[in-house]
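Both counts, for ligands and for their atoms, begin at 1 and track the order of listing. One is the number of the first residue; the rest follow in order along the sequence. Only heavy atoms go into these numbers, but all of them, side chains included; no hydrogens, no water, no symmetry mates. A quick note: this is a predicted structure, and the numbers were derived from the prediction, not measured.
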Amino acid sequence: MMINFTRTAIAAVALLAMSGCCGKCDKSGSSCTAPAGGTCADTVIETIMTRRSVRAYLPEAVDRESMQRIVECGINAPSGMNSQPWAVRIVDSKEYIDGLTELFVASRPEAAADPSFRNMFRNAPTVVFIASPDDGRGEFDCGLLAENMMLAAWSMGIGSCCLGSPVGFMLSAPEAAPYVERLNLPDGYRLLCAIGFGYPDEKPEAKERDRSKVQFVE
Ligand SMILES: Cc1cc2nc3c(=O)[nH]c(=O)nc-3n(C[C@H](O)[C@H](O)[C@H](O)COP(=O)(O)O)c2cc1C
């Protein structure tokens, strides 16, 4: 009886060692970030459920090591036939962000009327631009890439906001063209969206979700 128990215990420990900290990942116990008594799945769900769009940041850009990790998580998103139909550009140059914002404000002065306005990327000091093939292929894949980055960032204490409107300006205003040019996108690629990143200076509340949009089908 005792021998059986010991065997079972050893097997359980070995299984845990083989399969990782929570039985669902291959992390070792020491690198596990799961909450006490929880699993890595809990941490993922907590990250998803607590992420909010951040629009107020500390002034400093996100350190490049963290950004490297974030984009690495981005490009590990799934893509159709692993086609990876994206081009990712990270901008943490204040000169770039402020220069473009100056043009934006010149054409839409009302945008800067809010006293909290710092720049056209909802005040983010680091911006990631995502481009996809201009025939529309890849937009879904880029969405997955974007969400991977935002969730990875949030799990590291870094806020983000997905941004469509600044890209609208960049693609339509001729004076913004030199800034688009500087992104050095591959031929046949078109800017799809921007994501602002930074160290949060606010804690936004969750917005209501409409659960009637989801149904089980019998
Ligand atoms: C495709 C897309 C475009 C967005 N564009 C903007 C934008 O231009 N400006 C902005 O402030 N937020 C933008 N957002 C953020 C949404 O407003 C935000 O995700 C939504 O209100 C839900 O809030 P939450 O992210 O805090 O849960 C965008 C989000 C997505 C997915």
By chain and number, the residues contacting ligand 1 below 4.0 angstrom (heavy atoms only) are Arg51, Arg52, Ser53, Arg55, Arg122, Cys161, Cys162, Leu163, Gly164, Ser165, Lys207, Arg209
Under 3.5 Å: donor-acceptor pair, side chain of Glu202, backbone of Arg55: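 Answer holds: yes.
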Check your understanding: Under 3.5 Å, is there a donor-acceptor pair between the side chain of Asp141 and the main chain of Gln84?
Key ->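 Between the backbone of Gln84 and the side chain of Asp141 there is no qualifying donor-acceptor contact (under 3.5 Å).
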Check: Asp98/Thr101 side-chain N/O donor and acceptor closer than 3.5 Å:
no
*Check whether the side chains of Tyr57 and Asn119 place a donor and an acceptor atom closer than 3.5 Å, and report yes or no.*
no
ring-ring contact (aromatic ring centres under 6.0 Å, His included) pairs touching residues 152-195, sequence neighbours excluded, are Tyr96-Tyr179, Phe104-Phe169
Q. Going only through I, L, V, M, F, W and Y residues with side-chain contacts under 4.5 Å, is there a path from Trp86 to Leu171?
A.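 They do not share one cluster, since no chain of ILVMFWY contacts under 4.5 Å joins Trp86 to Leu171.
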